[in-house]
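Every number for a ligand or one of its atoms is a count from 1 in the order of the listing.
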Amino acid sequence: MTADCLFCKMVSGQIKPSTVYEDMDVLAFKDINPQAPVHVLVIPKKHIATLNDLDASHAGLTGKLIIAAAHIARESGIAESGYRIVMNCNADAGQSVFHVHLHLLGGRVMRWPPG
Ligand code: AMP
Ligand code: ZN
């Protein structure tokens, strides 16, 4: 828990997100500014600022984020039509919240390459 981190406040319950999935290690909630009909953020409960802070000890946890996203995609009915998972790291990618998170986007056709 990092006191001034928005997503840590969601994990602690200080701020109540629109939760769609939770387990021991992972929390998932609707993005407040959705970029697709389904736009869910999947985060580790543990504070990790960016992808650059990951090491081998986080292998299981990062796998859990993707497995949770695939589960939520199935539950949201977009598994067959398709979806995209995005993780932004630092300024050039537009990371705005410095607690690692995965974006699950679906329910519309995605363009490639991304902007
Ligand atoms: P990123 O730009 O990859 O760091 O993504 C951060 C995401 O957090 C953005 O898509 C925001 O819309 C989203 N976000 C910011 N504040 C909140 C909030 N209070 N509840 C849900 N999502 C949020
Ligand atoms: Zn945090």
Side-chain angles (χ1 to χ4, degrees):
M1 166 89 190
T2 296
D4 59 355
C5 171
L6 175 66
F7 289 174
C8 281
K9 286 179 181 156
M10 292 179 171
V11 172
S12 71
Q14 213 174 318
I15 295 173
K16 295 253 179 290
S18 182
T19 301
V20 298
Y21 174 85
E22 182 169 14
D23 65 30
M24 219 171 66
D25 302 307
V26 171
L27 178 67
F29 49 88
K30 291 184 181 169
D31 195 293
I32 204 167
N33 182 24
Q35 301 301 312
V38 175
H39 187 172
V40 171
L41 300 176
V42 185
I43 72 169
K45 289 188 171 176
K46 177 186 163 71
H47 181 85
I48 302 165
T50 80
L51 291 176
N52 293 333
D53 299 303
L54 293 174
D55 60 39
S57 74
H58 301 111
L61 184 58
T62 53
K64 283 179 181 180
L65 296 179
I66 296 174
I67 290 165
H71 169 79
I72 296 160
R74 278 194 299 279
E75 295 286 305
S76 305
I78 57 168
E80 299 310 320
S81 53
Y83 55 89
R84 183 169 291 168
I85 285 173
V86 174
M87 296 181 89
N88 295 320
C89 183
N90 281 340
D92 276 4
Q95 183 175 4
S96 60
V97 178
F98 288 84
H99 179 132
V100 161
H101 53 279
L102 167 165
H103 296 255
L104 168 65
L105 296 149
R108 68 168 170 84
V109 174
M110 301 289 154
R111 285 180 297 275
W112 192 263

Might you confirm whether atom CG of Asp55 has over 12 heavy atoms from other residues, nucleotides or ligands at distances under 6.0 Å?
yes
Mind running ring pair (Phe, Tyr, Trp, His ring centres under 6.0 Å) on His103 and His101 for me, showing each step along the way?
CA-CA 7 Å; His103 296 255; His101 53 279; 5.1 Å; yes
Grouping I, L, V, M, F, W and Y whenever their side-chain heavy atoms are under 4.5 Å apart, do Leu104 and Val26 come out in a common cluster?
yes
Identify, by name, the N, O or S atom of His47 lying closest to the Zn ion (ligand 2).
ND1
A student checking ligand 1 against Lys30 at a 4.0 Å heavy-atom cut-off should list atoms 21 (C)
So for His103, does at least one of its heavy atoms come nearer than 4.0 angstrom to any atom of ligand 1?
yes
Numbered atoms and elements of ligand 1 in range of Asn33, under 4.0 angstrom, heavy atoms:
12 (O)
Smallest heavy-atom separation, Gln95 atom then Asn90 atom, equals OE1-N, 2.8 Å
Of all N/O/S atoms in His99, which lies nearest to the Zn ion (ligand 2)?
ND1
Identify which one of Ile48, Leu61, Asp53 satisfies the side-chain contact (heavy atoms from CB on, under 4.5 Å) criterion when paired with Val100.
Ile48
Please determine whether any non-hydrogen atom of Gly94 lies less than 4.0 Å from an atom of ligand 1.
yes
With a heavy-atom distance limit of 4.0 Å, tell me whether Ile32 approaches ligand 1 through its side chain, its backbone, both, or neither.
both
Note the single closest protein heavy atom to atom 9 (C) of ligand 1, along with its residue, its atom name and the distance in Å.
Asp31 OD2, 3.3 Å
Asp25/Lys45 salt bridge by N-O under 4.0 Å criterion:
no
Linked, directly or transitively: Ile85 and Val42 (ILVMFWY side chains, under 4.5 Å):
yes
Note the single closest protein heavy atom to atom 1 (P) of ligand 1, along with its residue, its atom name and the distance in Å.
His101 NE2, 3.1 Å
May I ask whether Met87 places a heavy atom under 4.0 Å from ligand 1?
no
Have a look at the Zn ion (ligand 2) and estimate, to 10 degrees, the angle subtended by SG (Cys5) and SG (Cys8).
120°
the protein heavy atom lying closest to atom 4 (O) of ligand 1 turns out to be Ser96 N, 2.7 Å
d(His47 NE2, Phe7 CZ) to nearest 0.5 Å is 11.0 Å
For ligand 1, which atoms have a heavy atom of Met10 less than 4.0 angstrom away?
18 (C), 19 (N), 20 (N)
side-chain contact (heavy atoms from CB on, under 4.5 Å) with Tyr83: of Ile78, Ile72, Val38, only one passes, and it is Ile78
For ligand 1, which atoms have a heavy atom of Leu6 less than 4.0 angstrom away?
16 (N), 17 (C)
What is the closest protein heavy atom to atom 8 (O) of ligand 1, and at what distance does it sit?
Leu41 CD1, 3.5 Å
Per-atom contacts, ligand 1 versus Phe7 - under 4.0 Å to a heavy atom
8 (O)
Consider only side-chain heavy atoms of I, L, V, M, F, W and Y, link residues closer than 4.5 Å, and tell whether Val20 and Phe29 are in one cluster.
no
